[in-house]
S.K.: 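One structure follows; several queries about it will come next.
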Amino acid sequence: MNDRLRQAFTWIEGVDHIQLPIDPGGSAVARAFYQDLLGLAEVRSPLLDRPGTLRFALGAHRLDLTEGHYTGVAPQAHLALRVHGLEALAQRLRAAGLPIDRAPLPSGEDRLYVEDPFRNRLELIGLPLQPSAAPPLGNLRISR
């Protein structure tokens, strides 16, 4: 392919990370929701770690939560996650006092919506209870 065609031919390969806002000082509440309730693994990177920012593994991707003042989001804006064991997660969310909005997909897949403690809307789509092997996290390490 010549340089001219290479410059004209571009594409988006996929998602690198997703960033959502959390309230100033909200790191502990965010960990309780995303790590303890949803079961996401927090990841650390010496190159990326900053005060007021948390990172969680999302398969081959990453969820970044950054403290800041909420500026408002369109009601249709949301993070969609594919979840193994959706019903068990729904029970944990309800037990934590969070309202759940069930809305099955037209294809018949189970789906629900929930808001995190910072008013970010999450769409949770059910998958069969067979978690895939976790991809390598490169230079990121899981915090304990």
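No experiment lies behind these values; they were computed from the predicted model shown.
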S.K.: Please say which of L58, L122, V29 ends up in a side chain to side chain contact (heavy atoms under 4.5 Å, CB included) with Y34.
M.R.: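 Option passing the side chain to side chain contact (heavy atoms under 4.5 Å, CB included) with Y34: L122.
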
S.K.: For E67, enumerate each residue passing the side-chain contact (heavy atoms from CB on, under 4.5 Å) test, keeping only those at least two apart in sequence or located in another chain.
M.R.: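 So E67 forms a side-chain contact (heavy atoms from CB on, under 4.5 Å) with I22, S27.
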
S.K.: Are side-chain heavy atoms of R111 and E123 found at a separation under 4.5 Å?
M.R.: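 Yes - at least one pair of side-chain heavy atoms lies under 4.5 Å apart.
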
S.K.: With A95, which residues qualify under side-chain contact (heavy atoms from CB on, under 4.5 Å), at least two apart?
M.R.: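 For A95 there are no side-chain contact (heavy atoms from CB on, under 4.5 Å) partners, ignoring immediate neighbours.
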
S.K.: Please answer whether the main-chain N or O of G26 pairs with a side-chain N or O of D23 as donor and acceptor at a distance below 3.5 Å.
M.R.: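 No; judged by distance alone, with no hydrogens or angles, the pair does not exist.
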
S.K.: Is a side-chain N or O of D49 found less than 3.5 angstrom from the main chain of S45, in a donor-acceptor match?
M.R.: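 Such a contact is found between D49 side chain and S45 backbone.
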
S.K.: With F33, which of L98, L40, L65 fulfils side chain to side chain contact (heavy atoms under 4.5 Å, CB included)?
M.R.: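 The side chain to side chain contact (heavy atoms under 4.5 Å, CB included) with F33 is passed solely by L98 among L98, L40, L65.
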
S.K.: Quick one: is the NZ or CZ of R62 closer than 6.0 Å to the six-membered ring centre of F56, and within 45° of its axis?
M.R.: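 Output no; distance or angle outside limits.
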
S.K.: Please give me the minimum heavy-atom distance between R102 and A90, naming the atom from each residue.
M.R.: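 That closest heavy-atom pairing would be NH2-CB, 3.6 Å.
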
S.K.: So which atom in A30 and which in L54 form the shortest heavy-atom distance, rounded to 0.1 Å?
M.R.: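 Reported closest heavy-atom pair: CB-CD1, 3.7 Å.
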
S.K.: Salt bridge or not for R44 and E42, using N-O below 4.0 Å?
M.R.: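 Looking at E42 together with R44, the answer is yes, because their closest N to O distance falls below 4.0 Å.
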
S.K.: Without swapping roles, check the side chain of D64 against the backbone of L20 for a donor-acceptor pair under 3.5 Å.
M.R.: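 A pair under 3.5 Å: no.
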
